[in-house]
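Reading through the structure tokens given below for one structure.
By convention in this document, chain letters (A, B, ...) are assigned in the order of the sequence lines, proteins followed by strands, and residues within each chain are numbered from 1.
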Protein chains: 2
Amino acid sequence: MDATPGLDDLDLKIVAALQIDGRRSFSNLGEELGVPASSIRYRAKRLQDEGILQVVGIANPLAIGFDLLAIVGVRTSPGTARDVCAALSAMHESSYVVMTSGRFDVLVEVIARDIADMTDVLQNKIGSVPGVLSTESFFVLEVAKLAYGWGVPAIEGLAADSSAPGTPTAD
Amino acid sequence: MDATPGLDDLDLKIVAALQIDGRRSFSNLGEELGVPASSIRYRAKRLQDEGILQVVGIANPLAIGFDLLAIVGVRTSPGTARDVCAALSAMHESSYVVMTSGRFDVLVEVIARDIADMTDVLQNKIGSVPGVLSTESFFVLEVAKLAYGWGVPAIEGLAADSSAPGTPTAD
DNA sequence: AATGAAATTTAAACCAT
DNA sequence: ATGGTTTAAATTTCATT
């Protein structure tokens, strides 16, 4: 599902609006954009169906008992990167999986409750995915920026949390 | 900002449900959880007001005209990592900035419209931040998973509607 | 804090263009 | 793909415990 060459201006405005408030009513948005609500709904559904947009709740992991975040660089044997991505994506401990060029073939963000949990993921789970040759972990000490909206001005940061994040905000 | 003392079981179920489908109706969720819709609403509002939860739209950047995504590993001179993070966070081309331990002191996700844009960011902008010693770029070839729902593997009896984006994958 | 119930707004399905 | 119409559903507000 390769996406979508062309999103028009209205699509982008809908995306931008929902990036700011994912529960905004389509009627309300339609009024602002001067388009009927049914059109907004049609577009929004299509965007979601095509995987371009998703509306989700984002919880501050630190507020719900997840204290460890790490980025893991993975090297894979030739030709397996995509399968490795799929396997890593299926793990509920991963929140971000991308295939890359460079020293690593895959980068994964892993979130865990504690050291034991993280160790298990790193050692047993990721290590046992076929095609994985090696891993290198980068523990996240502080989150400085977490922007979910691309191309939109600003979104309030993920809350506040005492411990780590400096100031998670969009620019 | 301080700790979130207590999220009870119901709070966590609400968070979990919204992580799966941010637009799910509170009535529908209330039915499933055996709680009145008004209670769900009350809780959800509180969670949002306290910054524990936010419902947002997330777009696949590659689908909305930002064709280049890269993760950049940055090494910094001792003691400057936090300042470097701040400087990188201020760039609108960055969408994710974290301070890490390991080979890199800082990891940044950079999003750009084209090669020229990316080159400018890499060479001129990041390169000129005081404290930056070196950078190593990982270009994102494919986005396999973009999930902002942490820690909700499966709560029994919590079913998303058929159409809901279960484990959102974008590519 | 949590619930219930009414009035209002919104969404989903359908259909015509 | 759009815009309108209708019906069912959801949200908001306010009252109640």
What's touching nucleotides 15-17 of chain D from the protein side, N or O pairs under 3.5 Å?
none

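Taking B/R43 as the reference, B/D8, B/D11 meet the side chain to side chain donor-acceptor pair (under 3.5 Å) condition, with sequence neighbours excluded. Not counting sequence neighbours, B/D114 has no partner by the side chain to side chain donor-acceptor pair (under 3.5 Å) test. In this view, B/S39 and B/V35, B/P36 satisfy the side chain to side chain contact (heavy atoms under 4.5 Å, CB included) rule, not counting sequence neighbours. Shown here are the side chain to side chain donor-acceptor pair (under 3.5 Å) partners of B/Q48, two or more places apart in sequence or in another chain: there are none.
A/Y42 belongs to no hydrophobic cluster with other residues, because no ILVMFWY side-chain heavy atom falls under 4.5 Å from its own, directly or through intermediates.
In the 5' to 3' direction, nucleotides of DNA chain C lying under 4.0 Å from heavy atoms of chain B begin and end at C/dA1 to C/dA11.
In the set D/dA10, D/dT11, D/dA1, D/dA1 carries the atom at the smallest distance from any side-chain atom of A/R46.
Two residues are said to be in side-chain contact when any heavy atoms from C-beta on lie closer than 4.5 Å; A/V121 and A/N124 fail this criterion.
The list of salt bridge (Lys or Arg N to Asp or Glu O under 4.0 Å) pairs with a residue in residues 129-140 of chain B, not counting sequence neighbours, reads A/R103-B/E136. Residue pairs satisfying the salt bridge (Lys or Arg N to Asp or Glu O under 4.0 Å) criterion with at least one member in residues 80-92 of chain A, sequence neighbours excluded, are listed as follows: A/R82-B/E142.
Rounded to 10 degrees, the angle separating the terminal helix axes of the helix from C/dA1-D/dT17 to C/dT17-D/dA1, each built from five base pairs, is 30°.
Residues of residues 31-40 of chain A that place a heavy atom closer than 4.0 Å to DNA chain D, in numerical order, are A/V35, A/P36, A/S38, A/S39.
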Side-chain donor/acceptor pairs under 3.5 Å, residues 61-77 of chain A, sequence neighbours excluded:
residue, atom, partner, partner atom, Å
A/S77, OG, A/G131, O, 3.4

